[in-house]
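Worth saying up front: this structure is predicted, and the values here are computed from it rather than measured. Letters A, B, ... are given to chains in the order of the sequence lines, protein chains preceding strands, and every chain is numbered from 1.
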Number of protein chains: 2
Amino acid sequence: MTPKINQGTKLEEGRRGRGRPAVFDRGTALNAAMKLFWERGYEGTSFDDLIAAMGISASSFYNSFGSKEALYGEATRSYLEWAGQWFFAILNDPSIDTKTAFARLFEATAEEFTRGDHPLGCMISLAGTHCSPGMKNVRDKMAEYRAFSESAMAERMRKGVANGDLSEDTDCDMLAAYYSAVARGLAVQARDGASREKLSEIGRLAMRAWPAAKPEKRAGPAS
Amino acid sequence: MTPKINQGTKLEEGRRGRGRPAVFDRGTALNAAMKLFWERGYEGTSFDDLIAAMGISASSFYNSFGSKEALYGEATRSYLEWAGQWFFAILNDPSIDTKTAFARLFEATAEEFTRGDHPLGCMISLAGTHCSPGMKNVRDKMAEYRAFSESAMAERMRKGVANGDLSEDTDCDMLAAYYSAVARGLAVQARDGASREKLSEIGRLAMRAWPAAKPEKRAGPAS
DNA sequence: GGATTTTTGGAGCGATGACACCAAAAATAA
DNA sequence: TTATTTTTGGTGTCATCGCTCCAAAAATCC
């Protein structure tokens, strides 16, 4: 019942151990698993689907990754690391003002959500929203990740307030909640086959809700 | 493999048949199933969970509803009928203009998504987005429902253009896609525990993206 | 009351899911 | 080479899933 997080040996990449070296590349296998989870979610991905996509046997799977749940944890972390690259690069780009950062975030989102080389949309946005009670661990973790990205947005906005990009009476938490919701909506649209252009335009429309800077406090680019 | 939609006898409500009458109320049982599907999704809800929540045996289930998939179909139709009540009542309220209709739609959404007497969020918005390939039927159906509500929004906007509520160069399909995305995002936020007030405020922010009426064409309430 | 019709409980079935184990194979250190 | 360490394929296991069948029970009509 309680899943044992027995992750076997799990040697590092550049090991120089004694025994037989693994014939598969751990990173590649993890990547394959990530894409499958991304496409189908946790419950929608079976053990057999996983080992087939990863090209390894059940025992190798067990030795290297411990369990399905442990692998899912690794896969989501791997996804977040990848997605965090472009997400935070844009969000924290010091050369652009706050509004531009969010506009570019949605441009990038439109592109990333519709690329042909990986599943559509976002691995996190919709994960663990509809699941059985036994998946509470997964569900809570996903909600936590979503809350994290939302608070990162709010943080950026607070920086914008400090910069003068945003009026001081801006409710950053609420504004971030709004843009977070738009991002989740984009993920659904992407799943349903919306084109990059459509997502891009939705993002542009969402930016029209951006609060006007206070008249007496002229907002310029961050210097 | 191919699910037989053998729905047994499935007598009407006010039947006066010959044999033993069913001891359970079909509508009540269907409602219980709907809420379970709403909460957990299709794959997250097991047969045993269903018959337990519905208070019937496996055979009664099979006799009355045919199969899990058929029941899910009934449950979603039942949900759509219920949700369509308030959705279309507001969307097509002839006494308010287009912008007000959408503002009220989001107010109602905020309230309905966070009520205590049924699961949080929307049964359709997030359904079938992360699932195994075998669930293609469900997935496509859900995407179809989502597209339907989006096109209903677009239709209302076109009426608004005709009424003069919206400028004639409004891209109604795109604007509807945007508000549809916001609605999906609200569903995720609701799932993650956002309060009614938070959803309400997100809706208000979303309304700030509403296009301004053309200066030369003054928009008044529909008369 | 008897016949008929329908529901109900319970048992069981084949398939799948996720894991667990084991002995053979392979690579390195000594 | 030998011993040691680790991977690997194959097989087995236990639970769950969704469904199916059957005979008993119950209610109606005649």
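- A salt bridge links Arg158(A) and Asp173(A); the closest N-O separation between the charged side-chain nitrogens and carboxylate oxygens is under 4.0 Å.
- Side chain of His130(A) to main chain of Gly44(B): no donor-acceptor pair is present (N/O by atom type, distance under 3.5 Å, no hydrogens or angles).
- Contact check, Ser60(B) against dT7(C): no side-chain N or O comes under 4.0 Å of OP1 or OP2.
- In this entry the distance linking NZ of Lys68(B) with P of dG18(D) reads 4 Å, nearest Å.
- A sub-4.0 Å separation between OP1 or OP2 of dC19(C) and a side-chain N or O of Tyr62(A) is absent.
- Among the heavy atoms of the strands lying under 4.0 Å from Thr45(B) are primed sugar atoms or P, OP1, OP2 only; no base atom is included.
- In this structure, Arg26(A) atom CZ and dT7(D) atom P are separated by 11 Å, rounded to whole Å.
- In summary, Lys68(A) and Glu74(A) do not engage in a salt bridge, as defined by a charged side-chain N under 4.0 Å from a carboxylate O.
- Rounded to whole Å, the distance from CZ on Phe47(A) to P on dT11(D) is 16 Å.
- Judged by distance alone, with hydrogens and angles left aside, the side-chain atoms of Ser64(A) form no donor-acceptor pair with the main-chain N or O of Phe61(A) at under 3.5 Å.
- Phe24(B) has its CZ atom 15 Å from the C1' atom of dA26(D), to the nearest Å.
- In this structure, the CD atom of Glu43(A) is 11 Å from the P atom of dG18(D), given to the nearest Å.
- For Phe102(B), the ring pair (Phe, Tyr, Trp, His ring centres under 6.0 Å) partners at least two apart in sequence or on another chain are Tyr179(B), Trp210(B).
- Rounded to whole Å, the distance from CG on Asp48(B) to P on dG9(C) is 14 Å.
- Between Leu186(B) and Arg191(B), the closest side-chain pair of non-hydrogen atoms is not below 4.5 Å.
- With hydrogens and angles disregarded, a donor-acceptor distance shorter than 3.5 Å links the side chain of Thr45(A) to the backbone of Gly41(A).
- Remark: Ser57(A), Ser59(A) in residues 49-59 of chain A come within less than 4.0 Å of DNA chain D through at least one heavy atom.
- Atom pair Phe65(A):CZ and dT7(D):P shows a separation of 11 Å (rounding to whole Å applied).
- In this structure, CZ of Phe61(A) is placed 21 Å from P of dT6(D), rounded to the nearest angstrom.
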